[in-house]
There are 2 protein chains.
Amino acid sequence: MKITSRFTVAVHTLLAIHILGQQYKMTSELIASSVNVNPVIIRRTLQSLKAAGFVEVKAGSGGATLAKPLGEITLYDVYRAVDCVEGELFHFHENPNPDCPVGKNIHALLDKHLADAQLAMEQSLRSVTLADLAVEYSSIQ
Amino acid sequence: MKITSRFTVAVHTLLAIHILGQQYKMTSELIASSVNVNPVIIRRTLQSLKAAGFVEVKAGSGGATLAKPLGEITLYDVYRAVDCVEGELFHFHENPNPDCPVGKNIHALLDKHLADAQLAMEQSLRSVTLADLAVEYSSIQ
DNA sequence: TAAATTGTAATGTCAATAGTTACAATTAAA
DNA sequence: TTTAATTGTAACTATTGACATTACAATTTA
């Protein structure tokens, strides 16, 4: 099991728009060639990012631009925008036996700990903004 | 995307063996009726837990028993035993374009942050032992 | 009007999860 | 030593989600 690459594709897309956007018109085609996926994948990604208010996309004439400062977009925001994980990260077996003392209580016992683990992961994503990545990019170049 | 229910099934299984094991012979059939899945699912779970050294399973005569104190088994250990996540939690798009300055560097930029997030989740799982759950169970009863 | 591009539906492929049937091998008890 | 219960495991199916791809109407600008 892995969290879908829609997430890393979306981060890549936003960074590409930021970094290459001054020089090029950022069409789905161009972004797709940087990410190395089908342009339709990028168009769908852009729709998600647009719905979240992170980009604007021009139909017809083409090109995506940032609609929000990168410092106000965290990795968590992107993760939410592309809907990597619907609700709970951990899949709980559906119908533990309510007539068994263990089955009856397993949810009460586990739910909090699983939520804690998910929250820890998500907090970690919240601590990084795309502006941080842009700075790191500059220092590599 | 969700982390497979093999994980919660395995935790349920271990707790059931601990709690019901003094009173009943813990066959795959009995555990399956508590978890409410097919007994074969439990047999496969037990094989994973056995490989990790957490249980012993008697072929023929039947029944599973704990092979390690619950205080020495964390949620993380169970998570590893049933192989929920093979290596990386986040799926990275495979072949970013090395001829693009963004594609060339996206791994260097993101890998550490993704690993941090995964680690945060796993550390959280490490902080809970099955003995903790058993204590919580007692306090509910 | 022509050219480029987006938005989106439809379809296909692949892998993983989960469920199920089946049965040989094992063990303990009658 | 037979019988009954159970495990261990292979084989198969169904379902779902990810990702890829084709196609084309709608949009925009030149």
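Quantities reported herein were computed from a predicted structural model and do not represent experimental measurements. Residue numbers begin at 1 in each chain, while the letters A, B, ... track the order of the sequences.
Heavy atoms only, all atoms of each residue included: A/Ser33 and A/Leu30 are closest at OG-O, 2.9 Å. Across every non-hydrogen atom of A/Ala16 and B/Val102, the tightest pair is CA-CG2, 4.0 Å. Here the closest heavy-atom approach between residue B/Ile31 and residue B/Met26 is recorded as CG1-CE, 3.8 Å. Heavy-atom minimum distance, A/His93 versus B/His12: NE2-ND1, 3.0 Å. Taking every heavy atom of both residues into account, A/Met121 and B/Phe90 meet most closely at SD-CZ, 3.9 Å.
Put simply, A/Ser28 has a side-chain N or O that comes within less than 4.0 Å of OP1 or OP2 on C/dT6. The shortest distance between the side-chain N/O atoms of A/Lys25 and the OP1/OP2 oxygens of C/dT5 is below 4.0 Å. At least one side-chain nitrogen or oxygen of A/Lys50 sits closer than 4.0 Å to the OP1 or OP2 atom of C/dG7.
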If a protein heavy atom is under 4.0 Å from the base, mark B; if only from the sugar-phosphate, S; if neither, -; do that for nucleotides 8-19 of chain C going 5' to 3'. B-B------SSB
In the 5'-to-3' direction, what one-character label does each nucleotide of nucleotides 25-30 of chain D receive under the scheme B = base within less than 4.0 Å of a protein heavy atom, S = sugar-phosphate only, - = no such atom? --BSS-
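Atom P of nucleotide D/dA18 and atom CD of B/Glu94 are separated by 15 Å, given to the nearest angstrom. Computed from coordinates, the B/Glu29 CD to D/dT7 C1' distance equals 12 Å when rounded to whole Å. Rounded to whole Å, atom C1' of D/dA5 lies 19 Å from atom OH of B/Tyr24. Straight-line distance from the CG atom of A/Leu30 to the P atom of C/dA4: 16 Å, rounded to whole Å. In this structure, CZ of A/Phe7 is placed 15 Å from P of D/dA18, rounded to the nearest angstrom. In this structure, the CD1 atom of A/Ile17 is 14 Å from the C1' atom of C/dT6, given to the nearest Å.
Using modelled atom types and a 3.5 Å distance limit, the side chains of B/Thr74 and B/Arg126 yield no donor-acceptor pair.
The closest side-chain heavy-atom distance from B/Glu136 to A/His113 is below 4.5 Å.
Note: A/Tyr79 and A/Phe7 have perpendicular aromatic rings, judged against thresholds of 30 and 60 degrees for the angle between ring planes.
Annotation: B/Lys58, atom NZ; neighbour count of heavy atoms from other residues, nucleotides and ligands within 6.0 Å does not exceed 12.
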